[in-house]
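Please read the structure below before turning to the comments.
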2 protein chains.
Amino acid sequence: MSKPSKTAPQRSDHETRVTDDHHESLRLWLRMLSCTNLVEAHIRSQLRLRFQTTLPRFDLMAQLERHPEGLKMGELSRRMMVTGGNVTGITDQLVAEGLVVREDNPKDRRAYIVKLTKEGRRVFREWAVEHEDWVIRLFEGLGEKEKKQLYDLLARLKQFVGSLGTGN
Amino acid sequence: MSKPSKTAPQRSDHETRVTDDHHESLRLWLRMLSCTNLVEAHIRSQLRLRFQTTLPRFDLMAQLERHPEGLKMGELSRRMMVTGGNVTGITDQLVAEGLVVREDNPKDRRAYIVKLTKEGRRVFREWAVEHEDWVIRLFEGLGEKEKKQLYDLLARLKQFVGSLGTGN
DNA sequence: CCACAAATATTTAAGGTTAAAATATTGTGG
DNA sequence: CCACAATATTTTAACCTTAAATATTTGTGG
């Protein structure tokens with residue numbers, strides 16, 4: 001399907017098809033990237049305006065909110081899909097702001113357990129409600145059915161890309 | 001739950017554990033974000049390994065390649081969706097590397113015209129071929145029809161989000 | 001012509017990001 | 001017990017990114 005090939009099919013062959021596919025995938029990727037950038041820019045801007053915070057800070061707290069038992073630095077780094085050194089810096093800030101704590105782990109003194117503080121939980125719950133509102137508004141251009149379609153297509157993409165290994 | 005099983009692969013990204021029915025848009029957004037991050041990580045890694053360059057550098061050159069007449073700094077910044085100060089730094093590097101030039105514009109001495117050099121065009125053409133190859137492999141998990149569906153859904157999303165204004 | 005707003009680009013300060021090196025702890029085989 | 005690999009985190013250097021402040025030039029109304 002969709003290999004109509006407006007060009008002279010005098011030799012409709014492998015090369016032609018590969019070339020078409022290249023352009024399709026590339027255009028799809030660029031569109032996906034700009035969509036994500038647009039949404040992300042909105043959210044960053046709102047986090048800054050409304051809560052004087054940043055997306056990585058928010059993201060780290062969101063991970064901890066889903067894991068009340070606490071997470072190690074390395075777990076945070078994997079879940080946030082950033083490198084470990086990065087988590088160190090962001091955690092330092094949040095500790096300084098009193099929103100998270102590093103708890104010593106007597107079982108393994110290499111690894112902390114990072115948790116939200118009481119204040120961190122309180123603050124994050126407020127933020128999360130408003131954050132979800134922004135997201136809902138940003139995706140209002142799609143209907144229920146479209147959202148589900150998009151969700152499912154992205155599931156397939158994610159699974160495939162994830163299966164290719166971390167990318168050396 | 002209190003014991004982090006070592007065997008569980010644990011997808012480990014933005015998307016884990018948001019299973020409430022009423023949070024469709026949020027889940028969709030988190031999935032979209034992690035898809036984009038996965039693909040982007042692959043590409044950054046390859047650009048670094050294969051060409052010792054970075055995504056912003058590559059992106060700037062890609063914009064110039066599509067506009068042989070040259071672009072002003074501000075145009076680059078809009079197309080790349082980054083702030084102007086950013087483009088200054090990346091352009092400085094590429095000029096130092098001999099891949100782009102700032103041409104003085106006698107019509108308006110506020111604005112340069114930035115273009116690829118001959119060497120820049122040569123190098124970018126090589127890079128672009130391989131870059132397209134990476135992208136097509138990353139999206140091979142989707143069929144033709146699925147790619148088209150995804151492309152169209154993202155078009156709707158992009159148009160809607162774009163219509164909301166810049167947000168601040 | 002002149003004052004001044006608008007447009008363009010750069011600089012600055014603060015923070016996010018990475019890969020690689022360094023540090024510290026744990027576990028294991030000999 | 002000891003050497004040594006594996007694990008967990010931090011540090012470092014380089015780069016990307018932003019928002020705000022600073023020139024510089026252009027255009028316009030008076």
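Given the structure is predicted, the values throughout are model-derived calculations rather than measurements. The chains referred to below are lettered A, B, ... by the order of the sequence lines, with proteins before strands, and numbering in each begins at 1.
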Centroid separation A:F51 to A:F58 less than 6.0 Å:
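They do not qualify: ring centres at least 6.0 Å apart.
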Quick test of your reading of the model: are [X] and [Y] salt-bridged, counting only N-O distances below 4.0 Å?
{"X": "A:R102", "Y": "A:D92", "value": "yes"}
{"X": "A:R44", "Y": "A:E40", "value": "yes"}
{"X": "A:E103", "Y": "A:K115", "value": "yes"}
{"X": "B:R137", "Y": "B:E140", "value": "no"}

Please determine, for the side chain of [X], which listed nucleotide ([options]) has the closest atom?
{"X": "B:T54", "options": "D:dC16, D:dA8, C:dA9", "value": "D:dC16"}
{"X": "B:V82", "options": "D:dT18, C:dA9, D:dT26", "value": "D:dT18"}
{"X": "A:Y112", "options": "C:dA9, D:dT9, D:dT17", "value": "D:dT9"}
{"X": "B:I90", "options": "D:dA8, D:dT26, D:dT17", "value": "D:dT17"}
{"X": "B:M73", "options": "D:dC15, C:dA19, C:dT10", "value": "C:dT10"}

For [N] and [X] - does any side-chain N or O of the residue sit under 4.0 Å from the phosphate oxygens OP1/OP2?
{"X": "B:R44", "N": "D:dC16", "value": "no"}
{"X": "A:R78", "N": "D:dT7", "value": "no"}
{"X": "B:R109", "N": "C:dT8", "value": "no"}
{"X": "B:K72", "N": "C:dT8", "value": "yes"}
{"X": "B:N86", "N": "D:dT18", "value": "yes"}
{"X": "A:T88", "N": "D:dT11", "value": "no"}
{"X": "B:Q93", "N": "D:dC16", "value": "yes"}

Using a cut-off of 4.0 Å on non-hydrogen atoms, how would the nucleic acid contact of [X] be classed: base, sugar-phosphate, or nothing?
{"X": "A:S77", "answer": "nothing"}
{"X": "B:G74", "answer": "sugar-phosphate"}
{"X": "B:R48", "answer": "sugar-phosphate"}

To the nearest Å, give me how far apart [atom1] ([X]) and [atom2] ([N]) are.
{"X": "B:F58", "N": "D:dC16", "atom1": "CZ", "atom2": "C1'", "answer": "17 Å"}
{"X": "B:L94", "N": "D:dC16", "atom1": "CG", "atom2": "C1'", "answer": "13 Å"}
{"X": "B:L55", "N": "D:dA14", "atom1": "CG", "atom2": "P", "answer": "22 Å"}
{"X": "A:M81", "N": "C:dA19", "atom1": "CE", "atom2": "P", "answer": "14 Å"}
{"X": "B:M80", "N": "D:dT18", "atom1": "CE", "atom2": "P", "answer": "10 Å"}
{"X": "B:L47", "N": "D:dC15", "atom1": "CG", "atom2": "C1'", "answer": "15 Å"}
{"X": "B:D59", "N": "D:dT17", "atom1": "CG", "atom2": "C1'", "answer": "14 Å"}
{"X": "B:I113", "N": "C:dA9", "atom1": "CD1", "atom2": "C1'", "answer": "13 Å"}

Can you tell me how far the CG atom of A:D108 sits from the NZ atom of A:K72, to the nearest 0.5 Å?
6.5 Å
Is B:R110 side chain donor-acceptor paired with the C:dA7 base, going by distance under 3.5 Å alone?
yes
When you match B:V87 and A:G84 each to their closest nucleotide on DNA chain C, which lands nearer the 5' end?
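Residue closer to the 5' terminus by nearest nucleotide: B:V87.
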If you pin A:D92 and A:D108 to their nearest nucleotides in DNA chain D, which one's is more 5'?
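Of the two residues, A:D108 wins.
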